[in-house]
Undergrad: 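Sharing a structure here in structure tokens format.
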Amino acid sequence: QVQLVESGGGLVQAGGSLRLSCAASGRSFSNYVMAWFRQAPGKERTFVGAIRWSTGSVYATDSVKGRFSISRDNAKNTVYLQMNSLKPEDTALYYCAAERTFTWPTVSSAYDYWGQGTQVTVSS
């Protein structure tokens with residue numbers, strides 16, 4: 001059974017940094033894309049970025065390029081979202097998701113496995 005557990009969220013001032021973690025278990029994720037989504041109150045869940053577990057290649061949205069980075073630790077079966085220069089508009093519930101695919105899905109409906117989310121709040 002696949003389990004994704006996010007951690008690392010919290011309250012931070014604008015300009016600060018946070019590192020989110022997604023601990024994955026239940027199977028080998030070598031053929032998976034691991035993605036980060038976020039959902040602000042009253043808004044749709046949107047794609048932030050993703051990493052292909054086998055190669056480490058990353059795809060991210062323009063809105064976070066240069067500020068956010070995604071990495072993985074094979075030994076710990078964990079994916080990270082490093083967020084720098086945070087802005088109040090980055091405030092959201094951040095989710096980790098996984099899908100066995102050779103493409104780069106950016107819509108939430110394409111992902112079968114989800115974590116419970118971790119809250120990030122950026123104060124101005």
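Nothing fancy with the numbering, it's 1 onward along the sequence.
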Undergrad: With a 4.5 Å limit on heavy-atom distance, are the side chains of Phe29 and Arg100 in contact?
TA: no
Undergrad: According to ring pair (Phe, Tyr, Trp, His ring centres under 6.0 Å), does anything in residues 67-91 pair up with another residue at least two apart or in another chain? List the pairs.
TA: none
Undergrad: Would you check if the side chain of Glu6 reaches a backbone N or O of Gln116 as a donor-acceptor pair within less than 3.5 Å?
TA: yes
Undergrad: Out of curiosity, Ser63 OG to Lys87 NZ, how far, rounded to the nearest 0.5 Å?
TA: 8.5 Å
Undergrad: Would you say Thr91's side chain and Val122's backbone share a donor-acceptor pair under 3.5 angstrom?
TA: yes
Undergrad: Measure the spacing between CG of Asn77 and SG of Cys22 and express it to the nearest 0.5 Å.
TA: 9.5 Å
Undergrad: Going by an N to O cut-off under 4.0 Å, is there a salt bridge joining Asp90 and Arg38?
TA: yes
Undergrad: At their closest point, which heavy atom of Arg45 faces which heavy atom of Ser108, and how far apart are they?
TA: CD-CB, 4.3 Å
Undergrad: Got a second to check how far Ile51's CD1 is from Ser69's OG, nearest 0.5 Å?
TA: 9.5 Å
Undergrad: Distance check, rounded to the nearest 0.5 Å: Gln3 atom CD versus Cys96 atom SG?
TA: 12.0 Å
Undergrad: Measure across Met34 and Ala24 and return the closest heavy-atom pair with its distance rounded to 0.1 Å.
TA: CE-CB, 4.1 Å
Undergrad: Can you label the angle between the Trp114 ring and the Tyr95 ring as parallel, tilted or perpendicular, going by 30° and 60°?
TA: perpendicular
Undergrad: Whether the Asn84 and Ser17 side chains hold a donor-acceptor pair (N or O, under 3.5 Å, no angle test) is what I'd like checked.
TA: yes
Undergrad: Does some side-chain heavy atom of Met83 sit less than 4.5 Å from a side-chain heavy atom of Trp36?
TA: no
Undergrad: Between Ser21 and Thr78, what is the shortest heavy-atom contact and its length?
TA: CB-CG2, 4.1 Å
Undergrad: Determine whether Thr103 and Pro105 make a side-chain contact, defined as any pair of heavy atoms from C-beta on separated by less than 4.5 Å.
TA: yes
Undergrad: Drop me the distance from Tyr94's OH to Thr118's OG1, to the nearest 0.5 angstrom.
TA: 10.5 Å
Undergrad: Over 60° means perpendicular and under 30° means parallel, so tell me whether Phe37 and Phe47 are parallel, tilted or perpendicular.
TA: perpendicular
Undergrad: May I ask you to decide whether Lys65 forms a salt bridge with Asp62, counting only side-chain N to carboxylate O separations under 4.0 Å?
TA: yes
Undergrad: Which pair of heavy atoms, one from Ala50 and one from Tyr111, lies closest together, and at what distance?
TA: CB-OH, 4.5 Å
Undergrad: How many angstroms lie between atom CG of Leu93 and atom CD of Gln119, to the nearest 0.5 angstrom?
TA: 5.5 Å
Undergrad: Ignoring hydrogens and angles, tell me if any N or O in the side chain of Arg67 forms a donor-acceptor pair with the backbone of Ser85 under 3.5 Å.
TA: yes
Undergrad: Measure from NZ or CZ of Arg52 to the centre of the six-membered ring of Trp104, then state whether that distance is under 6.0 Å and the direction lies within 45° of the axis.
TA: yes
Undergrad: If I compare all heavy atoms of Ser54 with all of Ser30, which pair ends up nearest, and what's the gap?
TA: CB-O, 3.0 Å
Undergrad: How far apart are the C-alpha atoms of Trp53 and Asn31, what are their side-chain angles, what is the distance that settles it, and do they pass the side chain to side chain donor-acceptor pair (under 3.5 Å) test?
TA: CA-CA 7 Å; Trp53 201 289; Asn31 293 321; over 6 Å; no
Undergrad: Step by step, would you call Val79 with Ile70 a side-chain contact (heavy atoms from CB on, under 4.5 Å)?
TA: CA-CA 7 Å; Val79 173; Ile70 301 174; 4.0 Å; yes
